Amino acid sequence: MAKTSSSGSNMRHDPEDESIGTCLVEWFCRNQRPLPWRRHYDPYAVWISETMLQQTQMTKVVPYFERWMDRLPNVRAVAEASLDELLQLWEGLGYYSRVRHLKKAADIILARYGGQIPSDEKALRRLPGIGDYTAAAIASLAFGRDVPVLDGNAQRVTARLLDWEKPVEDSHTKKAFQQALRRWMPPGRAREFNQAVMELGSMVCAPRRPACDACPVFSWCRAYAAGTVPHRPVKTRRLAAEQVTVAVAVLHDNGNVFIQKRPPGGLMAGLWEFPGGKVEEGESPEEAVKRELCEELGVTVKLLGKIAEIRHAVTRFRIRLHAFRCVLDPSGQIPTLRSAVEALWVPPAFLDRFAFPSANRRLIRILQEHSGLDL
DNA sequence: AACACGTGGTA
DNA sequence: TTACCAAGTGT
């Protein structure tokens, strides 16, 4: 044991001491939260949960995971489902390309692996939507392979244990962290160890207000010893936020409203939305709606009134969305699509059957609260 | 290497 | 309110 004692009564350990791994595993076994995907570690369930968890809070994922597993219990069900149905199950979770990848990967797993998710990290890594993190997560959690996972939590925990001063974005850092984690991992305990590191990162070694008092491995932590915990990890790049104003139309005709489907490939690909667009410099939201509907759909409209102003954020854009109730003026015009792939006139009550971006969904809820007043 | 890709919580 | 941040992947 490579322990050294400090001058005081506390034992101080070094991160090179591999007993840190055993300590983390024991802590996890006592403190882990009961989660639906921690019941059986079925490869399919691990794949779906890990994909949902990419850049997404665990508390948000749980209900989506339960609903998905009820509806789509295996790989074949995903391959046979329509993209529209998958998007509906995903609505609100964000990063919708994950769904498209899930479906593509399901097709490959059926065709090439007989419906069995591969256990080999290299084979997993080749599947769409599975990067370094998810490949390692499936290989270790579902198949017991001794490979370390390095997600945002593991990165933060490792940066603090090592008191890593270089920016974690550096290409060298990732390798170094994976090697450190691999050294700490007790042989045969990858499932518990990997989850221990991530669970510790989310519950104890948090980005803000880390609970070092409650940390099972603080005595191994170089940043704790140095008092630099709040300054780790060091990060460099930062994107500037951009303010955007958008105006959309809830276009009514014969008791229906007009919705259109976004093209594949870009932002919110395959989701439905209300027509509209960016409000240009020196233009009012009202003018923008009229212009956008003329440009996008080739129709002229009359504004009946404002429905709501919604503030939200999409990637690095801060958006103010103005929504107006409109009718075709003159009536009887037929919209022609420009950027959208598909469009539909639907009764407001049917809006729940389509996948919308979250700001549009909020607008729909407002619409439905007001329904009966002026539809 | 750096940026696109969603969303909602926190300070 | 603005700004940062969170269980990443693809290009």
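Quantities reported herein were computed from a predicted structural model and do not represent experimental measurements. Values below: all heavy atoms of this structure, side chains included; hydrogens, waters and symmetry mates excluded. Order of the sequence lines fixes the chain letters, A, B, ..., with proteins taken first and strands second; residue numbering starts at 1 for each chain.
If you check every strand for non-hydrogen atoms under 4.0 Å, A/R33 touches a base. Contacts of A/S358 with the nucleic acid, taken as non-hydrogen atoms under 4.0 Å apart, involve only primed sugar atoms and P, OP1 or OP2. Looking at heavy-atom distances under 4.0 Å, A/R361 makes no contact with the nucleic acid at all.
If you measure from atom CZ of A/R362 to atom C1' of B/dG6, you get 12 Å, rounded to the nearest angstrom. With rounding to whole Å, A/R318 atom CZ is found 15 Å from B/dG6 atom C1'. The separation between A/D151 atom CG and C/dA6 atom P is 10 Å, rounded to whole Å. Remark: P of C/dG8 and CH2 of A/W90 are 13 Å apart, rounded to the nearest angstrom. Counting to the nearest Å, the P atom of B/dA2 and the CZ atom of A/R316 are 15 Å from each other. Protein atom CG of A/N360 is 9 Å distant from nucleotide atom P of B/dT7, rounded to whole Å. In this entry the distance linking CG of A/L87 with C1' of B/dC5 reads 14 Å, nearest Å. Atom CG in A/L127 sits about 14 Å away from atom C1' in C/dG10, given to the nearest Å.
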Quick one: do A/W164 and A/T158 satisfy side-chain hydrogen bond (donor to acceptor under 3.5 Å, both in side chains)? Show the steps, please. CA-CA 8 Å; A/W164 194 260; A/T158 307; over 6 Å; no
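Taken residue by residue, residues 91-108 of chain A places heavy atoms nearer than 4.0 Å to DNA chain B at A/G92, A/L93, A/G94, A/Y95, A/Y96. For residues 266-274 of chain A, proximity to DNA chain B is found at A/L267, A/M268, defined as any non-hydrogen atom under 4.0 angstrom from a strand atom. Near DNA chain B, meaning a heavy atom under 4.0 Å from it, residues 41-64 of chain A has A/Q55, A/T56, A/K60 in order of number.
The phosphate of B/dT10 has neither OP1 nor OP2 within less than 4.0 Å of any side-chain N or O from A/R209.
In this structure, A/F65 has its ring center under 6.0 Å from that of A/W37.
The aromatic rings of A/F356 and A/F354 sit perpendicular, their planes meeting at an angle over 60°, well past the 30° parallel limit. In this pair, A/W220 and A/H13 present their aromatic rings parallel. The plane angle is below 30°, not in the 30 to 60° band.
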